[in-house]
Amino acid sequence: MNKFRTHTCGELSVKNNGSKVTLSGWINKKRDHGNLLFIDLRDNYGITQCIIDKENKYFKNLEKIHLETVVKINGLVSKRSQDTVNKDIKTGDIEIKIKSYEILGSCKELPMPVFTDQEYAEDIRLKYRFLDLRRKKIHDNIILRSKVISFIREEMIKLGFLEFQTPILTSSSPEGARDFLVPSRLNQGKFYALPQAPQQFKQLIMVSGFDKYFQIAPCFRDEDARADRSPGEFYQLDLEMSFVEQEEIFEVVEKLMKLIFKKFSKKKILYETFPKITYRDALLKYGTDKPDLRNPLLISDLTSVFTRDDVKFEIFKKLVKSGSIVRAIKTENTKDKPRSFFDGIDNWAKDQGASGMAYFSIEEGERITAKGPVGKFFSQDALIEIMKITEAKVGDSIFFLCNKEYEVLKLISLARDKIANDLNLINNENFAFCWIVDYPMFEVDEKTKKISFSHNPFSMPQGEEAKLDISKPLEIKAYQYDIVCNGIELSSGAIRNHKPDLMYKLFSIAGYSKNEVDKKFKGMINALSYGAPPHGGIAPGIDRIVMLLANEKNIREVTLFPMNQNAQDLMMDAPSEITEDQLKELGLKIKKK
RNA sequence: GGGGGUGUAGCUCAGUUGGUUAGAGCGAUCGCCUGUCACGCGAUAGGUCGCGGGUUCGAGUCCCGUCACUCCCGCCA
């Protein structure tokens, strides 16, 4: 028999009435009635009420015991009387009459309460993460994460995938995010990089003939954090398949996502077949390539309207003449919304750094008119044209923005979310997945005006290789795709380019010579030259999947030991300084500021 | 790198127009209480009001700077 416990704190019931038991756990709560003391004992599995009175010689000592002390309690299971049953806990029908106890782990005065729903400052939570993790909500989130990962493993194996580990110490890659670097002792002056993703390795696994690979892969990127983006490290379900076309990857992932989300959430999946939206359409209709499809609002292009002579909105007309565009959001049946609704959105846009958001509502008296500060600038014919483009009816309102395309897209996608939230149009009880497809191979860099890869340079361009028109690079689409759920980008993937000659051609468009490509992607190009199978894959973000399932907005709520926004681990005190000897051994010198 | 928010007791927070000795709940300590489950009651301790400077007869409160945390932009193929 185990010397610490005969049962856990979550399993005793009236069936055990009268039996002698031993429980071990944390003191969750005490209720001291002077001559009678209740102790709620907690472990991973639940809470059991224990009781002792002054007749027992241990009473005085137990009265003094600190919350969160770890104790072993010996006692008798006792059925509670009808009026003292607690329906809120699994073991609420019984309690333990304490015979004796033993302290297994003492506890100092707590820096923060454990048993409370109160929110508290994140730096304290992170510093005392082991206490924070005892709290029910985050404890449950972490358990959920574990179960989701186990489930993914099982399903992937069922689907015939093999799980492999790839190196954590690898080489720095020139494209993409900033690398975390590790100095090499045996090769002084040289550095390893932690993988931003096992991208090249998984392709090499395909070249090695393993056919289907997956891994719950740690990925490291030295970029600034966001609420949904850990600084440093995160996890992907990395997968790759040989001899596949895009559709087969969609099939696998769609099936897997539906299984996961149905198993671990009660929320409804809005589209059983995930809609496929082209990158181009997504930018037009939603202003972003990660649209929240729970949001019914659509964006329209009204640029052409502002070239009409019967539109007198001169500020916008002038901007349009110099290359700006106008995009609009239609809201249905909102003409009678109070002025504060419209002003709220206008002011919000100003807070976002725009010059504001123009709007009017469409009314019909003897003729069609536009009500609102800028309504007078539009003729009836112009309004009818706007109604045609936006599919608006009388009673609807139009919000619009004018700026350079890049700026308009950034703001109007946010405005779409903002307006939908204000109108309470987003049902949080739904999951809306979609695929974004047909990403362009290249884009023009905003700053340098040079042509560069828009996503993954290893993606396969669409169409036949022979017909590829490299004189119009911006028109080349790639077999590149993203999966998005509720406006959150879960992953991106691609059919890879496994042909070295084609790769040289594409890299030359982005300004890389054959020599440079050979140098930077030596291992990859070399491998692809020895019989590479056509292959492709994707890598859904595990952390974000769990966030959606746990209904959390912050990735730290589903991460065991996260770092803070400045990429510091307050509990382990990382990063930390190292000794002179360590530096010397690595051939490094710290430059003092 | 830039912008917003926050910073008062161990924790969560209040603090009026700048005005006496900076308060409450939880936690801690001490006492009372035999059916609670956020037990109840009484008392005590606990404060560099993030830090530095300024304005003022007087600053938690106003101004300037700075630091920390957080959210966002940039960044994240």
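Below, chain A is the first sequence line, B the second, and so on; all start at residue 1.
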[Y] side chain reached by [X] side chain, heavy atoms, under 4.5 Å:
X      : Y      : value
A:V14  : A:V77  : no
A:R229 : A:I555 : no
A:F507 : A:F521 : yes

Euclidean distance, atom [atom1] of residue [X] to atom [atom2] of [N] [Å, nearest integer]:
X      : N     : atom1 : atom2 : value
A:D228 : B:U70 : CG    : C1'   : 14 Å
A:Y128 : B:C11 : OH    : P     : 9 Å
A:K64  : B:G27 : NZ    : C1'   : 16 Å
A:L414 : B:C71 : CG    : P     : 17 Å
A:D123 : B:C11 : CG    : C1'   : 12 Å
A:I39  : B:G35 : CD1   : C1'   : 15 Å
A:E109 : B:A45 : CD    : C1'   : 11 Å
A:E489 : B:C76 : CD    : P     : 12 Å

Does a sphere of radius 6.0 Å around [atom1] in [X] hold more than 12 heavy atoms from other residues, nucleotides or ligands, not counting ones at 6.0 Å or beyond?
X      : atom1 : answer
A:F191 : CZ    : yes
A:K477 : NZ    : no
A:K79  : NZ    : no

Mind checking if [X] touches a base, just sugar-phosphate, or nothing, with heavy atoms under 4.0 Å?
X      : answer
A:K520 : nothing
A:P111 : sugar-phosphate
A:L37  : nothing
A:E407 : nothing
A:Q196 : nothing
A:S492 : nothing
A:N554 : sugar-phosphate
A:R556 : sugar-phosphate

Expressed as a whole number of Å, how far does the [atom1] atom of [N] sit from that of [M]?
N     : M     : atom1 : answer
B:C11 : B:G50 : P     : 13 Å
B:U29 : B:G10 : C1'   : 14 Å
B:A59 : B:U70 : P     : 33 Å
B:C71 : B:G31 : P     : 45 Å
B:A45 : B:G2  : C1'   : 46 Å
B:U36 : B:C41 : C1'   : 15 Å
B:G47 : B:U34 : P     : 35 Å
B:C26 : B:G40 : P     : 7 Å

(message) Taking the cut-offs as 6.0 angstrom to the six-membered ring centre and 45 degrees off its axis, would you call A:K514 and A:Y504 a cation-pi pair?
(response) yes
Given [options], identify the nucleotide with an atom nearest to the side chain of [X].
X      : options             : answer
A:N35  : B:U34, B:C71, B:C76 : B:U34
A:R229 : B:C75, B:C33, B:U34 : B:C75
A:I124 : B:G74, B:C72, B:C11 : B:C11
A:D53  : B:C69, B:G27, B:U34 : B:U34
A:R221 : B:G35, B:U34, B:C76 : B:C76

For [N], does either OP1 or OP2 sit under 4.0 Å from a side-chain N or O belonging to [X]?
X      : N     : answer
A:H66  : B:G10 : no
A:N566 : B:A68 : no
A:Q568 : B:C69 : yes

(request) Represent RNA chain B in dot-bracket notation, 5' to 3'. Only Watson-Crick or G-U wobble pairs with both distances under 3.5 Å count; pseudoknot-style crossings use [ ] and interstrand partners use |. (result) (((((((..((((.....[...)))).(((((.......))))).....(((((..]....))))))))))))....
(message) Side chains of A:Y213 and A:Q215: any donor to acceptor distance under 3.5 Å?
(response)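 Yes, side-chain donor-acceptor contact under 3.5 Å.
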(message) Testing the 3.5 Å rule here: is there a donor-acceptor pair between the side chains of A:Q480 and A:S459?
(response) yes
(request) To the nearest 0.5 angstrom, please state how far the OH atom of A:Y439 sits from the CD atom of A:Q462. (result) 12.5 Å
(request) Report yes if the distance between the aromatic ring centroids of A:H498 and A:F458 is under 6.0 Å, otherwise no. (result) no
(request) Could you check A:R178 against A:Y120 and say which one's nearest nucleotide on RNA chain B is further toward the 5' end? (result)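 Its nearest nucleotide being more 5', the pick is A:Y120.
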(message) If you assign A:E122 and A:K290 each to the RNA chain B nucleotide with the nearest heavy atom, which residue ends up on the more 5' nucleotide?
(response) A:E122
(message) My understanding is that only one of A:R134, A:R135, A:K136 makes a salt bridge (Lys or Arg N to Asp or Glu O under 4.0 Å) with A:D132; could you say which?
(response)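 The option that passes is A:R135.
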Could you go through nucleotides 37-44 of chain B and list every protein N or O atom that sits under 3.5 Å from one of its N or O atoms, giving the distance for each pair?
unit_1, atom_1, unit_2, atom_2, d
B:C37, O4', A:R31, NE, 3.0
B:C37, O2, A:Q49, OE1, 3.3
B:C37, O2, A:N86, ND2, 2.9
B:C37, N3, A:R80, NH1, 2.9
B:C37, N4, A:T84, O, 2.5
B:C39, OP1, A:K29, NZ, 3.4
B:C39, OP2, A:R31, NH1, 3.0
B:C39, N4, A:D32, O, 2.1
B:C39, N4, A:H33, N, 3.4

